[in-house]
Each structure stands twice: as C-alpha cells, then as structure tokens.
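This report refers to the structure that appears directly beneath it.
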Number of protein chains: 2
Amino acid sequence: MALAQVKEFFFNLIPTMTEEKWQSFEAIATVRHYKKGDVIIKPGMVSNHVSFINKGLLRSYYLVDGKEIIVSFFDSDCYFSEYESFLSRKPSNQYADVLEDTEMVEITYDDLQNLYGKYADCERAGRLIAEQLFVELCNRNTSFMLQTPEERYHRFYEECEQIANRIPQYMIASYLGITPEALSRIRSRIRNKPTAAIPASAIDAE
Amino acid sequence: MALAQVKEFFFNLIPTMTEEKWQSFEAIATVRHYKKGDVIIKPGMVSNHVSFINKGLLRSYYLVDGKEIIVSFFDSDCYFSEYESFLSRKPSNQYADVLEDTEMVEITYDDLQNLYGKYADCERAGRLIAEQLFVELCNRNTSFMLQTPEERYHRFYEECEQIANRIPQYMIASYLGITPEALSRIRSRIRNKPTAAIPASAIDAE
DNA sequence: CTCATTTATTGATCCAAATCAATTACTCTT
DNA sequence: AAGAGTAATTGATTTGGATCAATAAATGAG
C-alpha cells in the first residue's frame with residue numbers, strides 16, 4: 001500500500017506517534033503519480049504541497065538565459081517541496097520537474113497547518129524537518145564557499161552516489177556550479193592522475 | 001530592563017503568548033555582555049546556546065589557510081547562534097566573534113528542549129524560527145548561485161545597509177566571496193560608470 | 001598631534017573556468 | 001542496423017577574479 005513507507009517514516013520520526021494521529025494524516029494525504037518530464041513547479045507558482053517520495057527522482061532548478069542551474073535533487077524516501085516558496089507563501093522563482101517516474105504522498109499547506117494545530121507531535125515533526133533541512137542547506141552552502149569544483153565533485157559522489165549514477169553528467173555539472181566542459185576536464189584530470197580518490201566505477205561506469 | 005526587547009519580540013511572534021509562558025522563558029534566560037573582539041565560538045566547540053541580540057554585532061566565519069571567510073553577520077534584534085552545530089549537536093567548524101560590544105539574552109539547548117516539551121507555543125516558535133532561517137539561507141544560497149559579485153554587493157547594500165556601514169570593507173568582500181582587491185575594483189568600476197544604482201553614501205561614506 | 005598599524009587602492013601577472021567551436025561517443029527510435 | 005538527436009570530450013581563446021607587490025589613506029593609541 002502506497003502509504004506504508006510514509007507511515008514507517010513518521011513512526012520513526014515521532015516516538016509518540018499513535019494510530020489516531022496517523023489516521024489524521026492519512027485522511028489528508030494524497031498519493032500522486034508523475035511521469036518523467038512532468039513539470040511540477042514553475043516560476044510564479046506558490047508551492048502548495050509538501051510530499052514524501054515513495055519512489056522516483058526529481059530536481060529543482062533555475063532557468064537563467066536559457067541555462068538550467070540545478071539547485072537540488074529529491075530522491076526516494078525524502079521530502080519534496082519547493083520549501084522556500086511553500087514556507088514564505090511567495091511565488092517560486094524556480095522550476096521543479098521529474099527525472100524518473102515518481103510516486104509520492106502529498107499534503108497541502110492548509111492541511112499541514114491544521115495538523116500542526118491539532119497535534120503537538122506534528123508541530124514537532126515540522127520543526128525537526130525544518131531544522132534538518134536547514135542543516136543540510138548549511139552544508140551545501142559551505143561546500144560552495146570553501147570547496148573547489150573538483151572537491152565538490154568528489155563529495156557529491158561520496159554523499160549521493162546513487163543519484164549521481166542515474167543522471168546525465170551535465171546535470172551533475174550544473175549542480176556543482178560549473179559547465180559540462182569544466183566537469184569533463186576535471187574528470188579527465190582525475191583519470192590521468194593515478195591519485196584516484198574515488199572508485200573507478202564513479203569515473204568510468206561500465 | 002534587558003529582557004523587555006525579547007519579551008516584545010516573543011509576544012509578537014506567538015499570538016497566544018501568556019505571562020505564564022513568558023515567566024518560564026524568563027526563568028531560563030541569561031543576559032550576557034560581550035566586548036568587541038570576544039570569541040564566542042571556535043571550531044571544535046558544540047554550540048550550546050541560542051541568543052537574542054539586544055544590542056551589538058557579531059559575525060561567524062571559517063578560517064582557511066589563515067584567511068577568514070565570513071558566513072554571516074548577526075545584528076541587534078536578531079538571533080545569534082551557530083545554529084548548525086546547535087541543532088546537529090556536532091562540533092562547529094567555524095568561529096564566531098564580536099564586532100561591537102554586545103548584549104544578548106541566551107538560553108541553553110537543554111532548557112530550550114524542555115520549553116518545547118512544556119508549551120506547544122514554544123515548539124511552534126521554534127518551528128517558525130527554523131523555517132525563517134531556512135528561507136533566509138535559501139536566499140543567500142541563491143545569491144551565490146545566480147549573482148555576480150557586483151550584484152551581490154548591490155544587494156548587500158540594499159538589504160543590510162546598516163550592517164555595511166559599520167564594518168570594514170574587507171569583511172564585506174569576504175561575505176561576498178571575493179578578495180578585498182576585487183571589491184575595491186568593483187567599487188571603482190561603479191564610481192566611474194555614472195549608472196549609479198546605489199546611493200553615493202554607500203560608496204563614499206563621508 | 002604624531003607615529004604606527006590597519007585598511008583600501010592601484011598595478012602587473014597568473015590561473016581556473018567560461019565560452020566558442022568542432023568532433024566523437026552514446027542512446028534512442030523506427 | 002541506420003540515422004537522428006543527445007551527451008561528452010577535446011581544443012583554442014577569453015575573462016573575471018586571485019595573487020603578489022607596492023603605495024596611499026584612514027584609524028587609533030599614546
């Protein structure tokens with residue numbers, strides 16, 4: 001059943017979770033299916049959902065002078081939302097689209113606010129999630145401030161190998177903040193220096 | 001009285017705030033005074049407080065190869081914390097120090113968690129604050145991804161003029177992710193192009 | 001007020017990545 | 001299996017900011 005994954009997730013996140021509270025969540029949750037290529041968020045839209053991805057892969061990105069600048073990937077067993085727009089209630093300035101056929105469980109802004117008001121545990125879950133996203137964003141930010149593109153590349157493979165292996169290289173480049181050409185050269189540099197810090201599979205997936 | 005500012009702030013943030021809840025907060029809050037130059041956080045320390053700045057100015061920064069890379073400024077009427085370390089309960093990898101004599105009201109991690117457990121409203125305040133910080137960090141991140149140093153410079157003056165006017169230029173450069181020399185050149189470029197998008201006072205504070 | 005120190009500017013050179021331009025390698029689709 | 005379209009590589013050139021170096025301006029301590 002499509003809600004089993006989220007259920008397990010929530011019962012883990014909130015130690016005092018009960019069947020009753022879960023019913024409240026279930027009552028407002030919607031299971032949705034998207035196809036590869038579907039565009040979920042466009043600039044100007046106010047994001048009105050947070051979702052839990054059962055299966056699939058998405059990304060969010062800016063489009064500047066016809067060029068995509070990828071902000072984030074969203075993989076199975078994680079949340080998906082254009083959370084900045086969702087929270088600030090302002091129009092998004094990015095796109096989000098589907099990289100692999102996706103099943104997710106979503107709830108609306110209003111329903112979530114009601115849930116927060118109804119159960120302190122849900123409020124807490126909301127806090128913990130916001131805090132966790134904050135910490136993750138700190139990391140990404142630090143990565144941009146302190147690391148070279150090559151270092152970011154290595155790190156991306158360390159931390160997100162199962163995403164890296166499912167997307168074209170130009171998307172990795174975009175996520176790292178460089179051009180596809182630059183990434184290609186970084187890879188060739190790594191290939192030629194036998195100081196291979198990452199598994200060969202990451203370079204030459206064969 | 002040193003707590004009046006925070007009190008007003010909290011009553012604004014939480015519509016259902018009561019004197020009773022406020023007392024709970026007051027009981028665990030500590031007023032602290034720091035002098036310009038005091039170092040509050042060092043790499044390796046786990047940040048154990050969140051604070052509300054009554055008056056003063058602080059910054060957090062990385063130290064890489066003897067060079068400071070400023071992450072954030074913290075001005076009066078805002079929070080101060082190395083929130084990433086505070087939340088994740090992991091050692092910080094940055095410094096935080098005091099740029100102007102500062103008075104702030106701080107509470108500890110444990111006291112805050114207790115407060116969260118005791119009052120749903122405090123839990124909510126914690127969520128709202130985390131969400132707000134997330135949105136702000138998104139903005140900073142976007143700025144790094146999409147804007148040129150010159151654009152970031154203009155934006156910094158638009159959004160943080162009262163900070164900009166109190167700190168040396170090399171700190172602005174650091175915050176913008178460039179060297180002092182590069183900022184100096186940006187400024188001279190702006191000065192010579194009569195397309196002055198920012199007030200003269202911002203360039204030539206006289 | 002003066003001198004020492006810190007900060008800002010300016011110049012010359014260097015470098016990593018961007019850009020522009022082909023070419024080669026994949027991957028779908030039929 | 002062939003061909004079209006997409007993705008990746010490689011080469012040549014440009015460029016914005018870094019770095020190194022020196023000077024000028026501002027600040028502050030005595």
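Labels below follow one simple rule: chain letters A, B, ... track the order of the sequence lines, proteins then strands, and each chain is numbered from 1. In this text, all values refer to a predicted model and were calculated from it rather than measured experimentally.
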Which pairs, protein N/O on one side and nucleotides 27-30 of chain C N/O on the other, fall under 3.5 Å?
none

Check your understanding: Roughly, in whole Å, what's the span from CD1 in Ile178(A) to P in dA18(C)?
Key -> 6 Å
Check your understanding: Do Lys35(B) and Asp101(B) meet the salt-bridge criterion of a basic N to acidic O distance under 4.0 Å?
Key -> yes
Practice item. Kindly state whether the ring of Tyr95(A) and the ring of Tyr61(A) have centres lying under 6.0 angstrom apart. Key: yes
Review point. Between Phe25(A) and Ile107(A), is any pair of side-chain heavy atoms under 4.5 Å apart?
Key: yes
Study note, to complete from the structure: Rounded to the nearest 0.5 Å, the OG1 atom of Thr30(A) sits from the NE2 atom of His49(A) at a distance of 6.5 Å
**Study point:** Identified ring pair (Phe, Tyr, Trp, His ring centres under 6.0 Å) partner of Tyr79(B) from the options Phe10(B), Phe9(B), Phe86(B)
**Key:** Phe9(B)
Revision key, fill the gap. Bend of the helix from dC1(C)-dG30(D) to dT30(C)-dA1(D) from end-axis comparison, five pairs per end, nearest 10°, comes to 50°
Practice item. Go through the steps to decide whether Tyr34(B) and Asp97(B) satisfy the test side chain to side chain donor-acceptor pair (under 3.5 Å), and finish with yes or no. Key: CA-CA 9 Å; Tyr34(B) 293 101; Asp97(B) 66 13; over 6 Å; no
Study note, to complete from the structure: Separation of dG16(D) atom C1' from Glu150(B) atom CD, nearest Å, is 12 Å
Exercise for review: Mind listing the residues from residues 62-69 of chain B sitting with a heavy atom below 4.0 Å of DNA chain C? Number order is fine.
Suggested key: none
Point to revise | Tyr170(B)-Thr179(B) side chain donor-acceptor pair, cut-off 3.5 Å | key: no
Point to revise | Charged tip of Arg127(B) within 45° of Tyr116(B) ring normal and under 6.0 Å | key: no
Exercise for review: Take Asp111(B) and Thr108(B) through the side chain to side chain donor-acceptor pair (under 3.5 Å) test and state the conclusion after the steps.
Suggested key: CA-CA 5 Å; Asp111(B) 284 339; Thr108(B) 68; 3.3 Å; yes
Exercise for review: Examine Phe134(A) together with Phe134(B) and report whether their ring centres are nearer than 6.0 Å.
Suggested key: no
Exercise for review: Return the 5'-most residue of the pair Gly177(B), Ile167(A) with respect to DNA chain D, ranking by each residue's nearest nucleotide.
Suggested key: Ile167(A)
Practice item. Quickly work out the Asn165(A) CG to dA7(D) P distance and round it to whole Å. Key: 17 Å
Review point. Restricting to pairs with a member in residues 80-89 of chain B, which pass side-chain hydrogen bond (donor to acceptor under 3.5 Å, both in side chains), not counting sequence neighbours?
Key: Asn48(B)-Arg89(B), Glu82(B)-Ser92(B)
Exercise for review: Specify the separation, in whole Å, of atom CG of Leu183(B) and atom P of dG17(D).
Suggested key: 11 Å
Check your understanding: Rounded to whole angstroms, how far apart are CZ on Arg187(B) and C1' on dT7(C)?
Key -> 11 Å
Practice item. Flag the pair Lys55(A) and Glu100(A) as a salt bridge only when some basic side-chain nitrogen lies within less than 4.0 angstrom of an acidic carboxylate oxygen. Key: no
Exercise for review: Would you mind reading off the distance between Gln147(B) atom CD and dG17(D) atom P, rounded to a whole angstrom?
Suggested key: 13 Å
Point to revise | Over 12 foreign heavy atoms within 6.0 Å of NZ, Lys42(B) | key: no
Review point. Can you list, by residue number, the residues of residues 168-175 of chain A that have a non-hydrogen atom closer than 4.0 angstrom to DNA chain D?
Key: Pro168(A), Gln169(A), Tyr170(A)
**Study point:** Rounded distance (nearest 0.5 Å) linking atom CG of Asn93(A) with atom SG of Cys138(B)
**Key:** 9.5 Å
**Study point:** Geometric cation-pi criterion Arg124(A) and Tyr119(A), 6.0 Å radius, 45° cone
**Key:** no
Review point. Which is true for Ser188(A) with a 4.0 Å heavy-atom rule: it touches a base, it touches only sugar-phosphate, or it touches nothing?
Key: sugar-phosphate
Practice item. Starting at atom CD1 of Ile186(A), determine the distance to atom P of dT10(D), rounded to an integer number of angstrom. Key: 14 Å
**Study point:** Whole-Å gap separating C1' (dT27(D)) and CZ (Arg166(B))
**Key:** 19 Å
Check your understanding: Is it the case that Arg59(B) places NZ or CZ above or below the six-membered ring of Phe74(B), under 6.0 angstrom from the centre and within 45 degrees of the axis?
Key -> no
Review point. Which one, dA18(D), dG17(D), dT19(C), comes nearest to the side chain of Thr179(A)?
Key: dT19(C)
Check your understanding: When you check the phosphate oxygens OP1 and OP2 of dG16(D), does a side-chain N or O of Arg189(B) lie under 4.0 Å from one of them?
Key -> no
Point to revise | Phe144(B) six-ring face occupied by Arg152(B) cation (under 6.0 Å, within 45°) | key: yes
All N/O pairs under 3.5 Å across the protein-nucleotides 20-25 of chain D interface:
unit_1: dC20(D); atom_1: N4; unit_2: Glu181(B); atom_2: OE2; d: 3.2

